[in-house]
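Right, one structure below, let's go through it.
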Number of protein chains: 2
Amino acid sequence: MAAPVLSHVKCADCPIRHRAVCARCNADELDELDTVKYYRSYEAGQPIVWSGDQMDFVGSVVSGVATLTQTMEDGRTQMVGLLLPSDFVGRPGRDAAAYNVVATNTVMMCCFRRKPFEDLMARTPHIAHRLLEMTLDELDAAREWMLVLGRKTAREKIASLLSIIARRDASLENGPLDRVEFELPLTREAMADYLGLTLETVSRQVSALKKDGVIELEGKRHIIVPDMSRLMDEAGDDSDGGYLV
Amino acid sequence: MAAPVLSHVKCADCPIRHRAVCARCNADELDELDTVKYYRSYEAGQPIVWSGDQMDFVGSVVSGVATLTQTMEDGRTQMVGLLLPSDFVGRPGRDAAAYNVVATNTVMMCCFRRKPFEDLMARTPHIAHRLLEMTLDELDAAREWMLVLGRKTAREKIASLLSIIARRDASLENGPLDRVEFELPLTREAMADYLGLTLETVSRQVSALKKDGVIELEGKRHIIVPDMSRLMDEAGDDSDGGYLV
DNA sequence: CCAGGTCATTGACCCAGATCAATTGGAATT
DNA sequence: AATTCCAATTGATCTGGGTCAATGACCTGG
């Protein structure tokens, strides 16, 4: 996991360097943010924010993976976003969280108190502009996912999820795109919640993809994709973008 | 359909007064926009923009209804948004459209050429800020819809859709919230595409809701909801927001 | 007033994925 | 090595919604 390209960013302690927030910020602006910045880590399974809670910070994921979920009273839950390192958390201008954010493994967050962040945002067009950009990306991802949820078969859904994670992972290393290898950051149940399936169906379809040689498993979580284009075919994916919230 | 509250907006010709774009703009800014503004109407079924096309304008829907859809190569299609009067179309900063936008009936659009609009946006924080706000609303709507697509039954899906349209419509008139009456702006097929169902299932579930007295039909498109809270119950909806893209 | 077209309803049957239930396989604890 | 625990697999069965097909209900134009 080499450091991404984006540089000239002041937040020196963050390995990911706030790709999300700071890509176009200059040092002065970041100095200001540094004064209200803090780090916090969360254990696997621990809630980071809960739907309806007052949200007093925004920030980005430094390491680990967190999920964004929505729940009905009867317990049915749907994941609406997956937060990987460098992803931004929080909705400037809104004070209550709309979703549950839960750490799936040990998560390190780099947080800014919301008020100062919003003040800074109001004064520096760069940041506001960058945030709009990011929000549009998330919107695209959400809408791409609507197609997955509404119209794809279970097998295609699994392939779509694996393909998104693989591509996202592969963009960090930058080897050739045919063979990709990665650690699944989700339990079968979490995958099911993302895909609108049951965990049994997820398990069956993963086994089926393995039997058909589309993927290889090492243990239960380590996935090897011998041929990315094959996987993307299985996903029924014409998209080349590959966003992920 | 009385004119909404938002005022002090220069775009005099638009009945809806650009709630979306201009809520906080002052006259000077709007004068500038007026010089690059034009109107265009589209007939039922006519594409407004096509996925992948160069998008040279942004704008808002003045009247009529349009759909935002995504399609797979084999023809499966998923609606990812419904555009009602006052909704904004276009993604500032992106030059290619990501979805198909199609008029479902006669649609009047008020458009701004994209370049001048973006220039204005870069100079006036209000507009950028408002746009971020709107995009966050759309993101919430998309994510709410992910729950509908992933976890709700066919009956709940129909109830969710009717409830969203009814609430959106009812907020324009402002009678009591128990009895609501409105014209469905979608064919059964379009509803199916929104809900990730087939048109037959949509038809069956609409009939079922009618048989159970949750809704009444007058013709095929005119819906009467005698008791909104009943309908929202059927939708399994705890949300009070009721966003719609 | 009838012909043809579009949109919607309804029925009969089927299947992908849900549900219920038993088992396996590690990893951690004792 | 035995015990617990939890994630995951696998099997058997059921069902909600898909599929295929026929019919109805309006329109619009001739």
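Numbered from 1 within each chain, the chains take letters A, B, ... in sequence-line order.
Open room surrounds CD on B:Glu189; 12 or fewer heavy atoms of other groups in view lie less than 6.0 Å from it.
Remark: P of D:dA8 and CE of A:Met191 are 9 Å apart, rounded to the nearest angstrom. Atoms CD (B:Glu156) and P (D:dG17) sit 9 Å apart, rounded to a whole Å. Between B:Lys152 atom NZ and C:dA18 atom P there is a gap of 18 Å when expressed in whole angstrom units. Counting to the nearest Å, the P atom of C:dA27 and the NE2 atom of A:His222 are 15 Å from each other. Between the P atom of D:dA8 and the NZ atom of A:Lys210 lies a distance of 13 Å, rounded to the nearest Å. Here D:dG18 presents its C1' atom at 13 Å from CD of B:Gln205, a figure rounded to the nearest Å. C:dA16 atom C1' lies 11 Å from atom CG of A:Leu197, rounded to whole Å. What separates CG of B:Leu209 from C1' of C:dT9 is a distance of 15 Å, to the nearest Å.
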Check your understanding: Does the pair A:Thr201 and A:Thr198 meet the rule for a side chain to side chain donor-acceptor pair (under 3.5 Å), with working shown?
Key -> CA-CA 5 Å; A:Thr201 300; A:Thr198 60; 3.1 Å; yes

Exercise for review: Start with the C-alpha gap between B:Tyr99 and A:Asp140, add the side-chain angles, then the distance that decides, and say whether side chain to side chain donor-acceptor pair (under 3.5 Å) holds.
Suggested key: CA-CA 10 Å; B:Tyr99 318 103; A:Asp140 280 344; 2.6 Å; yes

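Both A:Arg151 and A:Val206 lie near DNA chain D, and the one whose nearest nucleotide falls closer to the 5' end is A:Val206.
Contacts of A:Thr198 with the nucleic acid, taken as non-hydrogen atoms under 4.0 Å apart, include base atoms. Looking at heavy-atom distances under 4.0 Å, B:Gly196 makes contact with sugar-phosphate atoms alone, never a base.
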Polar-atom pairs under 3.5 Å, protein N or O versus N or O of nucleotides 11-15 of chain D: list them with distances, or write none.
residue: D:dG11; atom: N7; partner: A:Arg204; partner atom: NH1; Å: 2.9
residue: D:dG11; atom: O6; partner: A:Arg204; partner atom: NH2; Å: 3.2
residue: D:dA12; atom: N6; partner: A:Arg204; partner atom: NH2; Å: 3.3

Distances under 3.5 Å only, N/O to N/O: pair up the protein atoms with those of nucleotides 4-8 of chain C.
residue: C:dA8; atom: OP1; partner: B:Arg221; partner atom: NE; Å: 3.0
residue: C:dA8; atom: OP2; partner: B:Arg188; partner atom: N; Å: 2.9

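Ion pair B:Glu156/A:Arg76 flagged as a salt bridge, since at least one NZ, NE, NH1 or NH2 atom sits closer than 4.0 Å to an Asp/Glu carboxylate oxygen. With respect to the salt-bridge test (charged N to carboxylate O, under 4.0 angstrom), the residues A:Lys210 and A:Glu216 do not qualify. Salt bridge annotation for A:Arg168-A:Asp87: present, with a cationic side-chain nitrogen under 4.0 angstrom from a carboxylate oxygen. Salt bridge B:Arg94/A:Asp137: present, at least one basic N to carboxylate O contact under 4.0 Å. A salt bridge links A:Asp212 and A:Arg155; the closest N-O separation between the charged side-chain nitrogens and carboxylate oxygens is under 4.0 Å. A salt bridge links B:Glu138 to A:Arg143: at least one charged side-chain nitrogen sits closer than 4.0 Å to a carboxylate oxygen.
Within the 4.5 Å cutoff, the side chain of A:Thr69 has no heavy atoms near those of the A:Gln78 side chain.
For C:dT10, one of the phosphate oxygens OP1 or OP2 lies less than 4.0 angstrom from a side-chain nitrogen or oxygen of B:Ser207.
Centroid-to-centroid, the aromatic rings of B:Trp145 and B:Tyr194 come within less than 6.0 Å.
In the helix from C:dC1-D:dG30 to C:dT30-D:dA1, the terminal helix axes, each the rotation mapping four pairs' C1' atoms onto the next four within five end pairs, subtend 30°, rounded to 10°.
Taking the side chain of A:Leu217 as heavy atoms from C-beta on, and the options C:dT9, C:dG17, D:dT9, the nearest nucleotide is D:dT9.
Interatomic distance, SG of B:Cys111 versus CZ of B:Arg40, reported as 8.0 Å (0.5 Å rounding).
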